[in-house]
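Written out below as structure tokens is the structure these notes cover.
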Protein chains: 2
Amino acid sequence: MIKIVLIGGGNLAYHLANQIIVSKGLQLVQIYNRNLAKIEIFNSVTKITNDLNELRDADIYIIAISDNSISSFSKKLNLQNKLVVHTSGAMSLNNLKSNSNKGVFYPLQSFSKNKKINFSNVPICIEAENKEDYNLLERLAKQINSPVYKVTSEKREKLHVAAVFVNNFTNHLYHLGEEICLEEKLPFEILKPLIKETSNKIKRLSPKEVQTGPARRNDTETIDKHLELLTQNKQEIYKLLSNSIAKTYGKKL
Amino acid sequence: MIKIVLIGGGNLAYHLANQIIVSKGLQLVQIYNRNLAKIEIFNSVTKITNDLNELRDADIYIIAISDNSISSFSKKLNLQNKLVVHTSGAMSLNNLKSNSNKGVFYPLQSFSKNKKINFSNVPICIEAENKEDYNLLERLAKQINSPVYKVTSEKREKLHVAAVFVNNFTNHLYHLGEEICLEEKLPFEILKPLIKETSNKIKRLSPKEVQTGPARRNDTETIDKHLELLTQNKQEIYKLLSNSIAKTYGKKL
């Protein structure tokens with residue numbers, strides 16, 4: 001049985017807590033959050049506290065708080081010989097300042113408040129200072145059914161940037177597409193099957209192989225026509241991404 | 001029964017032909033292609049030809065050839081009182097130069113050679129010069145189980161640009177993400193659940209509402225760190241898209 005104390009009251013802490021509670025071999029012994037109201041909901045299934053002096057004994061202390069607070073918060077922890085991990089994609093292991101063993105347990109997924117998450121779709125990137133702790137984190141990830149990847153802090157930073165490209169930036173492109181639809185009084189629904197197909201296609205094929213469109217074909221006539229239809233912000237994005245696509249295939253527009 | 005002659009030997013013509021053949025109320029009376037070899041496969045189920053003088057009688061002639069050939073090809077058609085449509089998102093109805101009734105039947109989807117397509121996931125954007133032809137095209141779309149949208153040439157042009165954003169550009173972002181993974185010797189698999197979740201999220205929620213990430217949070221510290229990790233091309237894209245996200249929410253980075 002792996003005993004866990006969870007620290008945080010946000011989306012990730014909420015979903016992790018729920019998953020740990022229902023997973024065999026894991027025991028959520030406590031949740032800590034500065035603001036008790038946010039974790040009140042777990043009061044019936046585990047201990048909750050907002051007092052660091054009352055932290056209970058556990059094998060792993062999982063910090064799921066905002067990136068910028070990790071360093072200052074972890075300084076306050078006095079957990080010698082215990083394993084403390086953070087869950088951030090952007091922060092290195094050394095951001096943990098606790099007098100404890102340290103590790104990282106980064107779930108590479110986007111969590112929404114009201115959407116149930118299936119942890120078998122949440123790759124966990126793990127890092128630890130020693131083999132024993134690594135194995136413990138690996139066991140934890142396996143108990144919640146997540147695929148596990150060993151990723152150093154340096155690689156994880158890059159991976160986090162990659163996640164910004166495929167998640168945050170992609171979502172923004174969806175938004176720009178929606179904006180164009182709304183300007184034309186067309187429902188965004190009309191683009192959704194294409195969005196689905198685009199994301200489905202790369203399940204088995206590399207995105208480099210399946211690239212299509214005017215920039216891929218070097219179809220400068222269509223590109224020029226499209227640029228004329230766009231206002232400044234979208235125009236700049238269209239240009240830059242089209243050039244980047246052309247470059248990828250050894251062309252210049 | 002709607003009688004159809006299909007013109008073209010590419011991906012779209014191939015998938016359309018297969019769908020028309022299996023749909024009730026539709027009869028594929030002929031396929032034309034300059035290069036007979038490309039449509040040879042349909043020899044057993046319909047007439048095929050590479051001779052425009054041998055075009056058979058039909059209610060609708062569907063031109064599914066490359067955008068740049070539509071104008072010159074349609075000039076050669078002598079189909080007075082018949083309905084000729086093209087299938088292009090980028091070309092206006094007036095690109096058709098046949099002495100016939102004209103229309104547009106634009107399937108807003110990405111077609112791959114070896115991937116079977118479910119036409120209920122292919123929105124069809126329809127345009128015609130008169131109500132009767134519009135109704136005929138609408139019936140055709142319904143017979144192949146596709147959702148129908150009435151879209152003028154002007155709106156369709158914009159819609160085509162929107163499709164470039166959510167399909168071609170999104171796929172390129174996937175490629176950039178994959179590139180970062182490969183540079184770090186991490187499998188692209190690690191990003192796929194996130195890609196799936198990102199595209200799933202907008203099924204019910206607007207992309208504007210669900211935007212996350214450093215640019216959305218105005219987290220300039222993370223943005224600067226990310227920019228340092230990127231080489232020039234990705235750096236420019238990161239900057240421009242981050243600024244665009246910030247602007248969307250009334251901020252400046």
Side-chain angles (χ1 to χ4, degrees), chain A residues 90 108-110 112 121-123 149 151 155 157-159 161-178 180-181 184 186 190-199 202-203 206-208 210-215 222 226 229-230 233 236-237 240-241 244-245 247-248, chain B residues 90 108-110 121-123 149 151 155 157-159 161-178 180-181 184 186 190-199 201-203 206-208 210-215 222 226 229-230 233 236-237 240-241 244-245 247-248:
Chain A
L108 180 45
Q109 188 49 281
S110 159
S112 310
N121 296 325
V122 182
Y149 295 88
V151 182
K155 282 175 191 279
E157 249 188 332
K158 295 270 184 72
L159 193 56
V161 185
V164 169
F165 276 85
V166 303
N167 172 14
N168 307 149
F169 291 167
T170 288
N171 186 72
H172 186 58
L173 293 181
Y174 296 162
H175 162 64
L176 298 178
E178 183 182 31
I180 295 173
C181 284
E184 299 302 313
L186 291 165
I190 202 171
L191 288 178
K192 288 187 180 175
L194 181 62
I195 286 174
K196 191 178 166 191
E197 179 67 15
T198 304
S199 66
I202 57 145
K203 276 186 196 162
S206 157
K208 189 169 179 186
V210 300
Q211 184 69 53
T212 56
T222 301
H226 283 176
L229 296 171
L230 294 167
N233 183 45
E236 280 177 41
I237 292 171
L240 190 61
L241 289 175
S244 177
I245 291 172
K247 247 183 270 173
T248 301
Chain B
L108 181 44
Q109 188 48 281
S110 159
N121 296 325
V122 182
Y149 295 88
V151 182
K155 282 175 190 277
E157 247 189 332
K158 295 271 184 69
L159 194 57
V161 185
V164 170
F165 276 86
V166 303
N167 171 14
N168 306 148
F169 290 167
T170 288
N171 185 73
H172 187 58
L173 292 182
Y174 295 163
H175 163 65
L176 298 179
E178 183 181 32
I180 295 173
C181 283
E184 298 302 313
L186 291 165
I190 201 171
L191 288 178
K192 288 187 180 176
L194 181 61
I195 287 174
K196 192 178 166 190
E197 179 67 15
T198 304
S199 66
K201 226 173 231 181
I202 57 144
K203 276 187 197 162
S206 156
K208 190 169 179 186
V210 299
Q211 184 68 54
T212 56
T222 301
H226 283 176
L229 295 171
L230 293 167
N233 183 45
E236 280 178 41
I237 293 171
L240 189 61
L241 289 174
S244 177
I245 292 172
K247 249 183 268 173
T248 301

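Chain naming here is simple, since letters A, B, ... match the order of the sequence lines and numbering starts at 1 in each. Remember, it's a predicted structure, so these values are computed and weren't measured experimentally.
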### Query
Can you tell me how far the NZ atom of B:Lys201 sits from the CD atom of B:Glu197, to the nearest 0.5 Å?
5.0 Å

### Query
Counting heavy-atom pairs under 4.5 Å to chain A, which of B:Leu240, B:Leu173, B:Asn171, B:Val164 comes out on top?
B:Asn171

### Query
With a 4.5 Å heavy-atom cut-off, do B:Thr170 and A:Ser199 have their side chains touching?
no

### Task
May I ask you to name which of A:Leu191, A:Leu229, A:Leu194, A:Ile180 has the most heavy-atom pairs under 4.5 Å with chain B?
A:Leu194

### Task
Grab the two heavy atoms, one from A:Val166 and one from B:Tyr174, that are nearest each other, plus how far apart they are.
CG1-CA, 3.9 Å

### Task
Report the option among A:Val210, A:Ile237, A:Leu176 that has the most heavy-atom pairs separated by less than 4.5 Å from atoms of chain B.
A:Ile237

### Query
Quick one: do the B:Asn167 and A:Thr198 side chains pair a donor with an acceptor below 3.5 Å?
yes

### chain B contacts, top residue of A:Lys192, A:Lys196, A:His226 (heavy-atom pairs, under 4.5 Å)
A:His226

#### Entry: Within-4.5 Å side-chain heavy-atom neighbours: A:Leu241 and A:Phe169
no

### Max heavy-atom pair count under 4.5 Å with chain B, selected residue of A:Lys155, A:Lys247, A:Lys203, A:Glu236
A:Lys155

### Task
Would you mind telling me which of B:Ile245, B:Thr212, B:Ile195, B:Ile190 has the largest number of heavy-atom pairs within less than 4.5 Å of chain A?
B:Ile190

#### Entry: Side-chain donor or acceptor of A:Glu184 paired with backbone N/O of B:Leu159 under 3.5 Å
no

### Task
Check each atom of A:Val161 against the heavy atoms of chain B and say whether the ones under 4.5 Å are side chain, backbone, both or neither.
both

### Query
chain B heavy atoms under 4.5 Å from A:Tyr149: which part of the residue, side chain, backbone, both or neither?
side chain

### Query
Going from NE2 on B:His172 to CD on B:Glu178, what distance comes out if it is rounded to the nearest 0.5 angstrom?
12.0 Å

### Task
With a 4.5 Å cut-off on heavy-atom pairs, point out which of A:Leu186, A:Val122, A:Ile202, A:Asn121 contacts chain B the most.
A:Ile202

#### Entry: Between A:Thr248 and A:Gln211: side-chain donor-acceptor atoms closer than 3.5 Å
no

### Query
Relative to chain B, which of A:Cys181, A:Ala90, A:Ser206 shows the most heavy atom pairs under 4.5 Å?
A:Ser206

### Summary
Heaviest contributor of heavy-atom pairs below 4.5 Å to chain A, chosen from B:Gly177, B:Pro123, B:Ser244, B:Gly213, is B:Ser244

